[in-house]
Amino acid sequence: MVVQHSRTGQDVDVKVQPNYPLLCGVSNNWKEVDDLTNLNPLHEAAVLECLRSRCKSDRYCTKAGITLVAINPFKEIAGLYDIDTVHQYRNRNAKEQAPHIFCAAEKAFSAMSSGVGFVNQSIIVSGESGAGKTWTARCLMKYLASVAVPYNPGHFEPSPADCIERRILQSNPLLEAFGNAATSRNQNSSRFGKYIQLQFDRGTHIVGASIQTYLLEKTRVVHQAEKECNFHVFYQLLHGATTEEQTRWGLTKGSSSPDLVPFDFLQGAERRQDETSLDLASTRNAMCNVGISDEQQQQIFQILSGILHLGNIRFYSDDDLDPCDIDDSDSDCAHSLQFASQLLGLDSKSLVQSVIFRQITASHSTKRKSVFMRPSTAKEASNRRDCIAKLIYARLFDWLVSSINRTTCAGKWYSFIGLLDIYGFESFYSNSLEQLCINYANEKLQQHFVTHFLRAEQEEYQTEGIPWSFCSFTDNRPCLDAIEGKISVFTLMNEECNLNRQSNPVNFSQQVLEVVKTKYISKPHRSHQQATFIVQHYAEPVVYDATGLIEKNKDHTPQDLVELLLGSKNDFVKQLVQIETSNSQMVQKKNKTHKPAAKTVVKKFKHSLDSLMSTLNQTIPHYIRCIKPNTTSQPDVLDSQYIVSQLRACGVLETIQISAAGFPTKIGYTEFWQRYRMLLCNLSDDDVRSGGSKSLCADIIQSVFGDEGKENHVTQALYGNNKIFLPDGQVWCIVYILYCLCFVLTSSSLCLVMKAKRTM
């Protein structure tokens, strides 16, 4: 089928997959098809045309079986996420409502409340950078906080639930200010991953929340690529601080000059003048709501200003390999050296000496060591200065997350709903460790989806003895093995770090190509640099530059720089660095007998992701696939080829096919009978004892739906060896009838009690 390219006007040939079966429910009114499983025939062209038609009518969410496809409109749509829309989706069957991200939230909340199967839920929001994941997660949090049962037995004003809700929602703008940045693809790109657990008690009252973060891109503090910016909070501080604060923190060139200091760490500062005092006021208000005092806020902004000034301490030398010194003739450098030392509580001479000289420790034996100082080159001094800035900012970010968790995390809870908002797949002209880790995280999430749904779903039908025709799908496990397996890119990177030598990027890239022998690792075209290799990701191939890859993976902060900060007169700076020092000392105590292996970035990141996957595997997942309609982030522009590539990458078509033929709700016979036995209240004890769990469950389905399924040629349930399989939305109907029955019985009992009281 030929579809017109929305941006260039050229025709794009979208191939029809011949192995997709014809489905019942033919409909040519594309915009009214709110579930892609109803398409007939089912192929890429039909899916694309349906999504295009729905977007033109401002319907940006479409069901794709168990997955919800959400296209970023890149414009404000009145009433789409307001409180009236929240009430519209509360306690409603998802099948009866138009597709919306609130459907996924309501489905998770209802599943948690019903207590069937796993109680804990997870909503996994995935997609490319700029597809709208952060906004979607923010709206999901708002919905779940709004629909949670209010609990205020003491009639406090505001109620404890309102306080918790405000703190949870206000954590979003705070983390976005410190963890998000403008990139070439997205003006509010998350440069860290987060998993938010909303905690509930048995009565589904929201009692708290906790946040787990993953891999903050701290290198962005000291370096931004072309057309990219630093974290939002720096621009908010620069353009939003009061005149008195700007003078006190040295952000202007002098007390009498209104001109801002040009900071080397802030690329694109003139382009980010939209970060105004209102944005800084919003960040300050969020800090107040999560329990950060005014005094602590001043300390935070003081440290941020000190980090900016560090970047203006510049070094020069006569030759690249000669010892360096600071440039005394540079007025901006002298100004920033004074304020960096003052704001961070450091002695200016000690700061300069620690940066332009390196401390070398030579061990002659277990008891005898020699320490001497070696002059640094200008490049080495700049790297040491950057180490200080990255360490302080990373510890400050961790402190903020810990502060939020202290005020929002409940001591005890019964169940939780987790929201996963993690960085989208990235591929730039130059890709380094940050992109490798980000794309690895997306590979792990895709593998979770493949394992949980595409593979496990089909295997369960076979195990339960239910006839099933297997459909093919793309499994990204081999690609993951090439990245994280026993012989992989990660193992080679960690081995190189353990050798403690200067790494040669050309040799390392060649080693990757020779050792990791798989079709998922390949050599790039000659137009790329020699020190590169390609990883064939599930989304698309990405060329990685090995230059600086090993140094970034080491993430080493020299001990003499840590000691410099520990000697700070600023107690808050000292407190931040002590967190890192205490963690290092604990590791050293555990490894007294032998030298511990280097704790590299990829090793720590892999460990945290494995922990996340373990948590997700113990929850019922709900998937939202965010789609970016075009590469330029323009409203009302749909790039057909770009959308199709995203649909192919995340396996939407395979998902639709399996969902259309499958029964997503699966409950053991015993559990189903015990939960819904009230619907067969006319059965005698002898009938219950004589009938097995399987036949009793069939009786419940018959009592609820009768011959409705036969009349409509719809299968109401499938009965496996150990479980009953139900279509989507069926449990909601059963629960609704059960609630109605309980209401009738309760009302009847109340009438009998009132009648008895009147006759007494």
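Residue indices begin at 1 and follow the sequence shown. Treat the numbers as computed from the prediction; the structure is a model and nothing was measured.
A salt bridge links R284 with E245: the distance from a Lys NZ or Arg NE/NH1/NH2 to an Asp or Glu carboxylate oxygen falls below 4.0 Å. A salt bridge between K253 and D332 is absent, with no side-chain N of the basic residue lying under 4.0 Å from a carboxylate O of the acidic one. Comment: R220 engages E228 in a salt bridge, judged by a side-chain N to carboxylate O separation of less than 4.0 angstrom. A salt bridge is absent between K390 and D386; no separation between the charged side-chain nitrogens and carboxylate oxygens falls under 4.0 Å. A salt bridge links R248 with E244: at least one charged nitrogen is closer than 4.0 Å to a carboxylate oxygen. R138 and D421 are not joined by a salt bridge, as no carboxylate oxygen comes within less than 4.0 angstrom of a charged side-chain nitrogen. A salt bridge does not link K133 to E128: none of the charged side-chain nitrogens sits closer than 4.0 Å to a carboxylate oxygen.
Between I303 and Y393 the shortest side-chain heavy-atom distance does not fall below 4.5 Å. I550 places a side-chain heavy atom less than 4.5 Å from the side chain of K554. Proximity of T408 to V290: side-chain heavy atoms (C-beta onward) are nowhere separated by under 4.5 Å. Residues L561 and R384 have side chains in contact (heavy-atom distance under 4.5 Å, counting atoms from C-beta outward). Side chains of F301 and W249 form a contact here, defined as non-hydrogen atoms less than 4.5 Å apart. For the pair D82 and L80, the minimum side-chain heavy-atom distance is 4.5 Å or more. In this structure the side chain of I404 reaches within 4.5 angstrom of the side chain of L175, judged on heavy atoms.
Centroid-to-centroid, the aromatic rings of F339 and H335 come within less than 6.0 Å. Annotation: H309 is in aromatic contact with F263 [ring centroid separation under 6.0 Å]. A distance of 6.0 Å or more separates the ring centres of F192 and F178.
Side-chain polar atoms of Y195 and S122 form a donor-acceptor pair below 3.5 angstrom. The closest side-chain donor-acceptor pair between E434 and T219 falls under 3.5 angstrom. Donor-acceptor pairing under 3.5 Å is recorded for the side chains of Q121 and H622. Remark: the H100 side chain and the Y60 side chain contain no N/O donor-acceptor pair separated by less than 3.5 Å. Remark: the S568 side chain and the N570 side chain contain no N/O donor-acceptor pair separated by less than 3.5 Å. No side-chain donor-acceptor contact under 3.5 Å links D545 and Y429.
Counting heavy-atom neighbours within 6.0 Å of K75 NZ, excluding the residue itself, gives a total above 12.
For N186, the side chain to side chain contact (heavy atoms under 4.5 Å, CB included) partners are S129, T183, N188, S189, not counting sequence neighbours.
Between the side chain of Y440 and the main chain of Q435, no donor-acceptor pair closer than 3.5 Å is present.
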With salt bridge (charged side-chain N to carboxylate O under 4.0 Å, His left out) as the test, would you mind laying out the steps for E426 and R191 before giving the verdict? CA-CA 11 Å; E426 290 187 347; R191 308 317 300 167; 2.6 Å; yes

Checking side chain to side chain contact (heavy atoms under 4.5 Å, CB included) for the pair S190/N180: CA distance, chi angles, key distance, verdict? CA-CA 4 Å; S190 296; N180 288 26; 3.6 Å; yes

Should K444 and D610 be marked as a salt bridge (charged side-chain N to carboxylate O under 4.0 Å, His left out) after you check the CA-CA gap, both sets of side-chain angles, and the distance that decides it? CA-CA 9 Å; K444 293 283 278 189; D610 288 342; 3.0 Å; yes

Before giving the answer on salt bridge (charged side-chain N to carboxylate O under 4.0 Å, His left out), spell out for D330 and R314 the whole-Å C-alpha distance, their side-chain angles and the decisive distance to 0.1 Å. CA-CA 8 Å; D330 188 338; R314 306 180 185 102; 2.4 Å; yes

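Of all non-hydrogen atoms in L549 and S432, the two that sit nearest each other are CD1-C, 4.0 Å.
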